[in-house]
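Here's the structure, in structure tokens; my notes come after.
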Amino acid sequence: LNKEQVISMLDRVVVPGTGRSLVKMNLVRDIRISDENIDICVASTGLIEPSQKSLKQSIQSSLDDSTRIKVTFENVPTGTVNQIGKVIAVMSGKGGVGKSLVAGLSAIALRRRGLEVGILDADITGPSIPKMFGVQARPSGTDSAFLPPTSRSGIELMSINLLLASEDDAVVWRGPLIGQTITQFWEEAVWGKLDYLIVDLPPGTSDAPLTVMQRLPVSGIIMVFTPQKLTAMVVKKAVNMARHMEKPILGVLENMSYLYVPQINKRMNIFGESHAAEMAQSIGAPLLAQLPIDPELALLCDEGRLEQYMNPLIEEIGKGIVESNI
Ligand SMILES: Nc1ncnc2c1ncn2[C@@H]1O[C@H](COP(=O)(O)OP(=O)(O)O)[C@@H](O)[C@H]1O
Ligand SMILES: [Mg+2]
């Protein structure tokens with residue numbers, strides 16, 4: 001048995017409380033193989049005692065030579081375990097334009113390309129990510145580190161909604177506490193190895209987006225707008241904020257562009273003529289997609305089955321994100 005073989009076996013051992021493997025969670029610290037022993041050192045970050053025990057058992061039963069295996073645990077800071085490729089924030093000046101939907105679809109698009117993805121729901125007072133994915137599991141963990149649950153397709157999710165006693169509980173905190181919570185979601189969550197972390201921002205240019213841009217290494221922003229004139233105006237405020245914070249805009253996305261009515265084979269411009277091309281040009285970023293109003297999307301969101309949405313536009317969004325030079 002060589003090191004590569006041990007790693008590929010550990011990649012099949014799921015960390016309790018997450019849907020991801022020990023390797024993907026980046027918890028394997030060291031592997032030493034000698035004639036007598038296979039010593040595996042695992043980071044215990046976020047793992048409570050019973051989880052460590054069951055993990056030890058799964059490691060031992062995953063390898064044929066179970067008597068040779070010695071598992072030890074080492075507590076390391078979350079910062080050592082987290083290896084996040086790119087942080088992408090989804091923003092708009094306005095509420096209800098579909099930021100959360102776009103954050104969800106972007107994560108789904110990247111996941112379908114075989115990438116490792118997480119979503120940090122930074123909308124503390126109006127969290128909507130867990131509902132779209134039908135996830136209710138409470139994050140497990142220790143005092144200093146917690147494990148984000150995963151969606152059906154393996155997207156890690158962290159949201160205040162997963163921590164509230166009831167989904168309908170209101171969060172009525174002031175700015176500093178909201179900022180602290182977002183920072184905790186970044187610093188204390190065991191995200192492990194991710195290619196992309198998508199951050200779903202609340203509307204506007206208030207404390208929460210500011211915290212995200214100041215405290216998180218945001219690589220790029222996806223700006224969402226609708227054809228409405230009012231949206232165009234408030235989106236420009238958000239664009240100015242991004243410029244001020246020196247965060248590049250990776251792409252723009254027009255949501256609720258039109259409604260297609262199959263019975264008459266016509267596109268109706270419910271919110272007015274599209275200005276997607278002008279918006280993209282004036283912001284100076286590529287247009288990722290124009291999403292129609294789609295009753296199926298609304299239904300899938302409500303039923304927590306967004307991952308089942310099939311539309312070539314999803315591939316377009318994914319392609320736009322990975323091919324961006326940001
Ligand atoms: N293109 C669309 N077609 C159908 N429903 C949509 C579309 N975009 C958004 N919605 C619905 O509109 C509501 C608001 O979207 P959401 O993503 O929560 O907005 P925001 O995060 O900007 O406040 C959600 O219920 C969502 O399912
Ligand atoms: Mg939202």
So do L253 and L287 actually touch side chain to side chain, heavy atoms under 4.5 Å? no

Interatomic distance, N75 atom CG to S44 atom OG [nearest 0.5 angstrom]: 4.0 Å

Pairwise side-chain contact, M25 with T18, heavy-atom cut-off 4.5 Å (strictly under): yes

Quick check against the 3.5 Å criterion: does S61 have a side-chain atom that pairs as donor or acceptor with the backbone of Q57? yes

Report the C-alpha separation of V212 and V218 in whole Å, then their side-chain angles, then the decisive distance to 0.1 Å, and conclude whether the side-chain contact (heavy atoms from CB on, under 4.5 Å) test is met. CA-CA 8 Å; V212 169; V218 174; 3.9 Å; yes

In terms of side-chain heavy atoms, does N255 have a donor or acceptor partner in T226 at a distance below 3.5 Å? no

Determine the minimum heavy-atom distance between N37 and K70, stating which atoms define it. OD1-NZ, 3.9 Å

Nearest heavy-atom contact between L201 and A89 is CD1-CB, 4.1 Å

Is there a donor-acceptor pair closer than 3.5 Å between any side-chain N or O of N82 and the backbone N or O of G79? no

Regarding E254 and S257, is there a side-chain donor-to-acceptor distance under 3.5 Å anywhere? yes

SB check K24 D11 (cutoff 4.0 Å): yes

Quick one: side-chain hydrogen bond (donor to acceptor under 3.5 Å, both in side chains) partners of N265, sequence neighbours excluded? Y260

Quick check: closest heavy atoms across P292 and L297, and the distance to 0.1 Å? O-CD1, 4.5 Å

Check: R20 side chain, K193 main-chain N or O, donor-acceptor pair, under 3.5 Å: yes

I119 and I155: side-chain contact (heavy atoms from CB on, under 4.5 Å), yes or no, with the steps? CA-CA 7 Å; I119 307 179; I155 298 169; 3.9 Å; yes

Side-chain heavy atoms of S21 within contact of R12, under 4.5 Å: no

Can you name the residues that form a side-chain hydrogen bond (donor to acceptor under 3.5 Å, both in side chains) with R305, not counting sequence neighbours? E303, Q308

Is there a side-chain contact between W191 and L194, using heavy atoms and a 4.5 Å cut-off? yes

Quick check against the 3.5 Å criterion: does E74 have a side-chain atom that pairs as donor or acceptor with the backbone of A43? no

Remaining members of M268's ILVMFWY cluster at a side-chain heavy-atom cut-off under 4.5 Å? M256, L259, V261, I264, I270, F271, I293

Could you tell me whether the side chains of R111 and S153 share a donor-acceptor contact shorter than 3.5 Å? no

Any donor-acceptor N or O pair under 3.5 Å, side chains T78, E188: no

Taking the side chain as every heavy atom from C-beta outward, state whether L105 and L313 have any atom pair closer than 4.5 Å. no

